[in-house]
Trainee: 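There's a structure below that I have some questions on.
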Amino acid sequence: MKNLVITDKDISTQFFKNSVVVNLNNIHYSSCTGGLECLRCEGACYFQDDMSLISQWMNDCQLIIYITRVKYGCFDIPFKKMLERLVVNREPYYTMIEGESCHLGISQLRKKLLVIGYGEATLEEKELFKDLLDASVLGYSYSSVDAYFCEEFELEEVLRTFGGIDHV
């Protein structure tokens, strides 16, 4: 697989014809229990649900596009729930990166991450969101991480603008 789009909102798939589009509202996935069994069991999660396949897709693709509502400077609940489950894509031991201890991502494939945050967000909330994004990708092998913000009513136009980016 070349590209993956993960969204918490219904979007038109016509904008991303060369990507697999996953709507978090239409899949079955459980919340992470925090037991970290996945780190002791070579990345195998206790839950055998749709996140098992999505985690594999994330390791194998070259471009990941997140489309999420920004709430109080954070990812909205469906996205936060999904991101917590991605601990299975991390190696079990710690390493230091930029003065922070973290787990490295298991995928060695250099990939790009584009995050489109929509909704009403103040400048402070956007900065907080960017800080959380930087912390959540620490240790993964991203060649670039870009964030773009828009109002919800602008989202379709923004997706039209970014549509075709999946040809990369």
Side-chain angles (χ1 to χ4, degrees), residues 3-12 15-16 19-25 27 29 31-34 36 38-39 51 54-55 57-59 61-91 94-168:
N3 305 308
L4 179 64
V5 176
I6 301 178
T7 180
D8 60 7
K9 181 177 177 62
D10 289 331
I11 62 168
S12 173
F15 299 130
F16 303 102
S19 299
V20 172
V21 178
V22 175
N23 183 334
L24 295 175
N25 298 310
I27 65 169
Y29 64 115
S31 296
C32 182
T33 60
L36 301 179
C38 53
L39 293 178
M51 274 306 297
I54 293 168
S55 293
W57 288 345
M58 291 182 92
N59 285 331
C61 68
Q62 295 175 352
L63 170 66
I64 301 172
I65 300 172
Y66 290 163
I67 302 167
T68 181
R69 177 181 305 281
V70 177
K71 286 280 254 204
Y72 310 113
C74 301
F75 295 96
D76 204 1
I77 292 170
F79 245 88
K80 174 107 172 65
K81 183 177 159 184
M82 185 264 314
L83 291 173
E84 289 172 348
R85 287 287 303 280
L86 292 181
V87 72
V88 300
N89 290 350
R90 305 261 183 169
E91 292 186 353
Y94 288 97
T95 191
M96 292 292 288
I97 295 182
E98 300 173 11
E100 300 276 338
S101 62
C102 66
H103 297 280
L104 291 175
I106 59 174
S107 176
Q108 299 302 312
L109 180 64
R110 301 283 295 169
K111 55 191 86 198
K112 296 177 182 178
L113 175 64
L114 170 64
V115 180
I116 301 171
Y118 66 89
E120 295 180 25
T122 65
L123 185 59
E124 293 83 14
E125 290 172 333
K126 291 175 183 178
E127 289 301 318
L128 177 60
F129 185 88
K130 287 180 183 179
D131 290 344
L132 289 172
L133 178 61
D134 289 343
S136 70
V137 300
L138 191 64
Y140 284 105
S141 57
Y142 291 111
S143 60
S144 68
V145 177
D146 296 303
Y148 185 85
F149 298 96
C150 66
E151 296 290 329
E152 187 168 0
F153 70 88
E154 300 171 310
L155 184 59
E156 187 168 332
E157 185 61 34
V158 168
L159 295 179
R160 186 173 288 111
T161 301
F162 283 113
I165 195 171
D166 64 346
H167 295 289
V168 175

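Starting from 1, each residue takes its place in the sequence as its number.
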Trainee: Check whether any side-chain heavy atom of Glu125 sits under 4.5 Å from a side-chain heavy atom of Phe149, and report yes or no.
Mentor: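 No; the side chains remain at least 4.5 Å from each other.
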Trainee: When rounded to the nearest 0.5 angstrom, what is the spacing between OG1 in Thr161 and CD in Glu157?
Mentor: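 Result: 5.0 Å between the selected atoms.
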Trainee: Considering non-hydrogen atoms only, spot the tightest contact between Tyr148 and Cys150 and give its length.
Mentor: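 Taking Tyr148 first and Cys150 second, the nearest heavy atoms are CE2-CB, 4.2 Å.
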Trainee: Would you kindly say whether Asp8 and Thr68 are connected by a side-chain donor-acceptor distance under 3.5 Å?
Mentor: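 Result is yes, a qualifying pair exists.
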Trainee: Can you sort out the partners of Thr7 under side chain to side chain donor-acceptor pair (under 3.5 Å), two or more places apart, ordered by chain and number?
Mentor: none
Trainee: With distance as the sole test, does Glu154 use its side chain to make a donor-acceptor pair with the main-chain N or O of Glu151 at under 3.5 Å?
Mentor: yes
Trainee: Taking the side chain as C-beta and beyond, is there a heavy-atom pair between Arg69 and Glu152 under 4.5 Å?
Mentor: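 Yes, side chains in contact.
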Trainee: Say you draw a straight line from NZ of Lys112 to SG of Cys61; how long is it, rounded to the nearest 0.5 Å?
Mentor: 12.5 Å
Trainee: Is a side-chain N or O of Tyr29 found less than 3.5 angstrom from the main chain of Pro78, in a donor-acceptor match?
Mentor: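 Yes, Tyr29 side chain to Pro78 backbone: donor-acceptor pair under 3.5 Å.
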Trainee: Looking only at non-hydrogen atoms, find the nearest pair between Leu155 and Lys9 and report the distance.
Mentor: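 Where Leu155 meets Lys9 most closely, the heavy atoms are CD2-CD, 3.6 Å.
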Trainee: Are the side chains of Tyr72 and Leu128 in contact, using a 4.5 Å heavy-atom criterion?
Mentor: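 In short, these two side chains do not touch, never coming nearer than 4.5 Å.
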Trainee: Answer whether the closest heavy-atom distance between the side chains of Val5 and Ile67 falls below 4.5 Å.
Mentor: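 Yes, close enough: below the 4.5 Å cut-off.
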Trainee: Under the ring-ring contact (aromatic ring centres under 6.0 Å, His included) rule, what do Phe75 and Phe129 come out as? Steps first, then yes or no, please.
Mentor: CA-CA 7 Å; Phe75 295 96; Phe129 185 88; 4.8 Å; yes
Trainee: Identify the two heavy atoms, one from Ile6 and one from Phe79, that lie closest to each other, and give their separation to 0.1 Å.
Mentor: O-CZ, 3.3 Å
Trainee: Judged by atom type as modelled, is there a donor-acceptor pair below 3.5 Å linking the side chain of Lys111 to the main-chain atoms of Met58?
Mentor: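 Looks like yes, one N/O pair under 3.5 Å.
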Trainee: Do you know which two heavy atoms are closest between Ser19 and Asn3, and how far apart they sit?
Mentor: OG-CB, 3.1 Å
Trainee: Nearest 0.5 angstrom please: Asn23 CG to Asp10 CG, how far?
Mentor: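 That separation rounds to 5.0 Å.
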Trainee: If you take all heavy atoms of Leu159 and Ile11, which pair is closest and at what distance?
Mentor: CD1-CG2, 3.5 Å
Trainee: Kindly indicate whether the side chain of Trp57, heavy atoms from C-beta on, has any atom under 4.5 Å from the side chain of Ile64.
Mentor: no
Trainee: Hey, is NZ on Lys80 packed in by over 12 heavy atoms from elsewhere, all under 6.0 Å?
Mentor: no
